[in-house]
There are 2 protein chains.
Amino acid sequence: MNHNLLLDSIAKHIHLDEEETALFLSFIQPKKVRKKQYLLLEGEVNRFGMFVTSGCLRSYNLDENGFQYIQQFAPEGWWMGDMYSLITQEPGHLYIDALFDSELLLISKTNLERLYKEVPKFNYYFRILAEKSLVSYQTRAMENLRLTAKERYEKFCLRYPTLVDCLSQKQVAAYIGVTPEFLSKMLHSEPELKP
Amino acid sequence: MNHNLLLDSIAKHIHLDEEETALFLSFIQPKKVRKKQYLLLEGEVNRFGMFVTSGCLRSYNLDENGFQYIQQFAPEGWWMGDMYSLITQEPGHLYIDALFDSELLLISKTNLERLYKEVPKFNYYFRILAEKSLVSYQTRAMENLRLTAKERYEKFCLRYPTLVDCLSQKQVAAYIGVTPEFLSKMLHSEPELKP
DNA sequence: CTGATCTCTTAACCTGCATTAACTATTTTG
DNA sequence: CAAAATAGTTAATGCAGGTTAAGAGATCAG
């Protein structure tokens with residue numbers, strides 16, 4: 001299994017010696033999933049932090065009409081999880097599944113807590129990640145009120161240029177919060193939006 | 001000045017001995033602000049984390065039409081800042097001002113970095129805060145797409161019961177992302193929403 | 001106390017996006 | 001490879017919430 005992507009991501013923020021690296025790796029387990037396979041269902045407790053080494057995961061809410069609202073795409077090099085459920089160990093509200101065949105590295109909540117205790121500088125690493133992620137959700141929360149569907153689509157293309165051309169329009173629509181019908185209409189009536 | 005509120009907030013998550021407490025307090029400076037006074041303008045670098053010991057702050061974006069979108073209210077016991085600017089020390093996009101006369105405790109970016117170095121367990125404290133805040137912005141980002149104005153208003157009343165009756169309708173409208181005219185109409189046509 | 005500045009209300013009209021439905025193109029599965 | 005399922009297109013209709021405007025209370029500053 002390929003741990004390098006994960007170790008590199010960590011090395012950008014903290015230095016681990018050999019012993020710490022070995023301990024960390026002993027806490028990690030690999031997992032392969034096929035396209036469409038679920039990793040978490042609404043109402044379940046999220047017991048693993050998931051790091052994507054290949055492929056792409058997706059997390060979303062379902063509303064009462066069965067409409068999907070995508071919270072996050074996690075391509076290669078990203079962490080994924082239901083933060084609420086992972087923190088509280090209460091049942092969460094997210095579904096997590098794989099958009100393509102994917103390879104993951106999992107760390108259980110138990111091992112994560114052990115890691116914080118035995119290698120406290122992981123508090124630094126995950127503090128930095130949480131802060132960056134916080135900024136991007138703050139921005140998105142405001143943009144979801146302030147911007148039109150067209151503007152949200154443009155931001156999405158700028159922010160995720162690699163994703164936008166491997167995802168179906170339906171997925172993009174569920175991320176920016178419009179119906180697939182409206183996105184289709186928008187792309188045809190405003191040709192400058194197309195790649 | 002009253003540091004107790006802040007020390008209590010910290011004590012809920014980490015234990016500081018006397019020396020650490022003294023060092024922390026030496027990094028903190030008090031500040032009083034009057035109603036409507038600005039603490040940060042769009043385009044400025046945010047050089048202080050701000051903890052509110054009395055009163056209430058507010059952070060917001062302005063769009064090109066001068067419409068305000070409120071990101072956060074910070075009553076007593078809350079931290080406030082422009083996270084993006086505080087992390088990067090680049091010019092930010094938020095205005096921060098006081099809704100009422102308020103008392104604050106400030107920690108400069110420089111002292112915050114010293115604090116992380118000299119008392120590493122502050123990484124734990126601020127990681128926990130960042131993670132909780134992250135969860136609430138993830139939720140809000142999704143709700144801003146998924147919920148109607150009426151539902152957003154109801155959530156706001158549930159989540160900030162003390163705020164809702166000391167704020168003007170205009171402030172609440174700018175938080176839930178509707179015009180004051182529409183909120184007024186909603187409250188009159190749906191009497192069950194009123195307190 | 002008074003004019004000026006805000007906040008709230010009401011109402012007419014407008015628009016961005018949802019809904020529904022029917023059809024076509026593409027992908028998945030047996 | 002055929003059948004079924006899924007994704008995308010187009011168009012008619014509807015509605016949540018915006019815009020504009022104008023007046024009525026409030027609150028504030030001189």
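The figures that follow rest on heavy atoms only: side chains count, while hydrogens, waters and symmetry mates do not. Proteins come first, then strands; the chains are lettered A, B, ... in the order of their sequence lines, and each starts at number 1.
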*For Glu181(B) and Gln171(A), take the nucleotide of DNA chain D holding the closest heavy atom to each; which residue's nucleotide lies nearer the 5' end?*
Gln171(A)
*Have Gln138(A) and Arg140(B) got a donor and an acceptor in their side chains that come within less than 3.5 Å?*
no
*Once you round it to whole Å, what is the distance between P of dT27(C) and NZ of Lys170(A)?*
15 Å
_Atom-to-atom span, CD of Glu64(A) to P of dT19(C) - whole angstrom_ = 11 Å
_Atom-to-atom span, NZ of Lys35(A) to C1' of dA7(D) - whole angstrom_ = 12 Å
*Of the nucleotides dC28(D), dG17(D), dT19(C), which has the atom closest to the Thr179(A) side chain?*
dT19(C)
*Return no unless some side-chain N or O of Lys36(A) is found under 4.0 Å from OP1 or OP2 of dT28(C).*
no
*How about Phe73(A) and Tyr175(A): are their ring centres within less than 6.0 Å of each other?*
yes
*Between dA16(D) (C1') and Ile176(B) (CD1): distance, integer Å*: 13 Å
*Could you give the CD-to-C1' distance, from Gln169(A) to dT26(C), as a whole number of Å?*
13 Å
*OP1, OP2 of dC8(C) versus side-chain N and O of Ser184(B): anything below 4.0 Å?*
no
*Under 3.5 Å donor-acceptor, Arg34(B) side chain and Asp101(B) backbone*: no
*Whole Å only: how far is the CZ atom of Phe100(B) from the P atom of dT27(D)?*
13 Å
*May I have the distance from Arg146(A) (atom CZ) to dG18(D) (atom P), rounded to whole angstrom?*
15 Å
*asked:* Can you see if the side chain of Ser168(A) gets near the phosphate of dA7(D) - specifically, an N or O under 4.0 Å from OP1 or OP2?
replied: no
*Looking at dC17(C), dG18(D), dT9(D), which one has an atom nearest to any side-chain atom of Val178(B)?*
dG18(D)
*Look up atom CZ in Arg152(A) and atom CG in Leu183(A), then write down how far apart they are to the nearest 0.5 Å.*
10.5 Å
_Length of the line joining Leu145(B):CG and dG16(C):P, which is rounded to integer Å_ = 18 Å
